[in-house]
Amino acid sequence: QAQLVESGGDLVQPGGSLRLSCAASGGAFSIDAMGWYRQAPGKQREMVATINSDGVTNYVDSVKGRFTISRDNAQKMGYLQMNSLKPEDTAVYYCNARLRNMWGARTVWGQGTQVTISS
């Protein structure tokens with residue numbers, strides 16, 4: 001079955017940069033829309049950035065101007081470029097995608113990748 005796998009999480013210093021990747025695999029499908037979500041300890045999961053099939057993006061206010069979401073449909077990959085990282089960006093980051101095939105569509109979540117911003 002189709003699945004998403006995130007990678008790229010790491011421990012970086014404030015002001016640093018990190019690039020997260022999301023690989024979709026496991027079947028014949030297209031991606032309607034995808035996004036990145038994060039969950040910090042003791043907090044609910046929140047939307048960070050989304051991108052639809054036309055490339056239209058949305059970001060939570062706290063990351064605007066610092067994060068960039070992108071996708072490569074041919075490679076079935078999604079990315080989140082994170083710059084000017086702050087300690088409050090520390091969280092487990094999850095990739096989410098709406099996958100579609102000839103039989104229908106479903107939402108899939110990745111397993112998460114830890115991002116820690118600390119000096």
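These numbers come from a predicted model, not from an experiment.
- A salt bridge is defined here as a Lys NZ or Arg NE, NH1 or NH2 lying under 4.0 Å from an Asp or Glu carboxylate O, and Asp89 with Lys86 fails to meet this definition.
- Side chain of Glu6 to main chain of Gly112: a donor-acceptor pair is present (N/O by atom type, distance under 3.5 Å, no hydrogens or angles).
- In this structure, Arg66 contributes its side chain and Ser84 its backbone to a donor-acceptor pair below 3.5 Å.
- Under a cutoff of 6.0 Å and an axis angle of 45°, Arg71 and Tyr79 do not form a cation-pi pair.
- When all heavy atoms of Ala105 and Asp32 are compared, the closest pair comes out as CB-OD2, 4.4 Å.
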CA sep, side-chain torsions, deciding dist, call: Val12, Ile117, side-chain contact (heavy atoms from CB on, under 4.5 Å): CA-CA 5 Å; Val12 297; Ile117 314 303; 3.1 Å; yes
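- No close placement of the Trp36 and Phe67 rings is indicated, their centers lying 6.0 Å or farther apart.
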Pair Leu85-Leu18, side-chain contact (heavy atoms from CB on, under 4.5 Å): steps then yes or no: CA-CA 8 Å; Leu85 285 162; Leu18 203 59; 3.9 Å; yes
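- Annotation: cation-pi pair Arg38/Tyr94 absent, no NZ/CZ under 6.0 Å from the ring centroid and within 45° of its normal.
- Annotation: the span from Met34 atom CE to Lys76 atom NZ amounts to 12.0 Å, rounded to 0.5 Å.
- Note that CE of Met82 is 3.5 Å distant from CG of Leu20, once rounded to the nearest 0.5 Å.
- At least one side-chain heavy atom of Ser17 sits under 4.5 Å from a side-chain heavy atom of Gln81.
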Step by step, work out the side-chain contact (heavy atoms from CB on, under 4.5 Å) result for Asn96 and Val108. CA-CA 6 Å; Asn96 170 273; Val108 179; over 6 Å; no
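- In this structure, Arg98 and Ile31 have side chains that are not in contact, with every pair of non-hydrogen atoms separated by 4.5 Å or more.
- Proximity of a side-chain donor or acceptor of Asn52 to a complementary backbone N or O of Asp54 within less than 3.5 Å is detected.
- With Asn101 contributing its side chain and Trp103 its backbone, the two residues share a donor-acceptor pair below 3.5 Å.
- Ala49 and Leu80 make their closest contact through CB-CD1, 4.2 Å (heavy atoms, listed as atom of the first residue, atom of the second, distance).
- Residue Gln44 places its CD atom among 12 or fewer non-hydrogen atoms of other residues, nucleotides or ligands, all under 6.0 Å distant.
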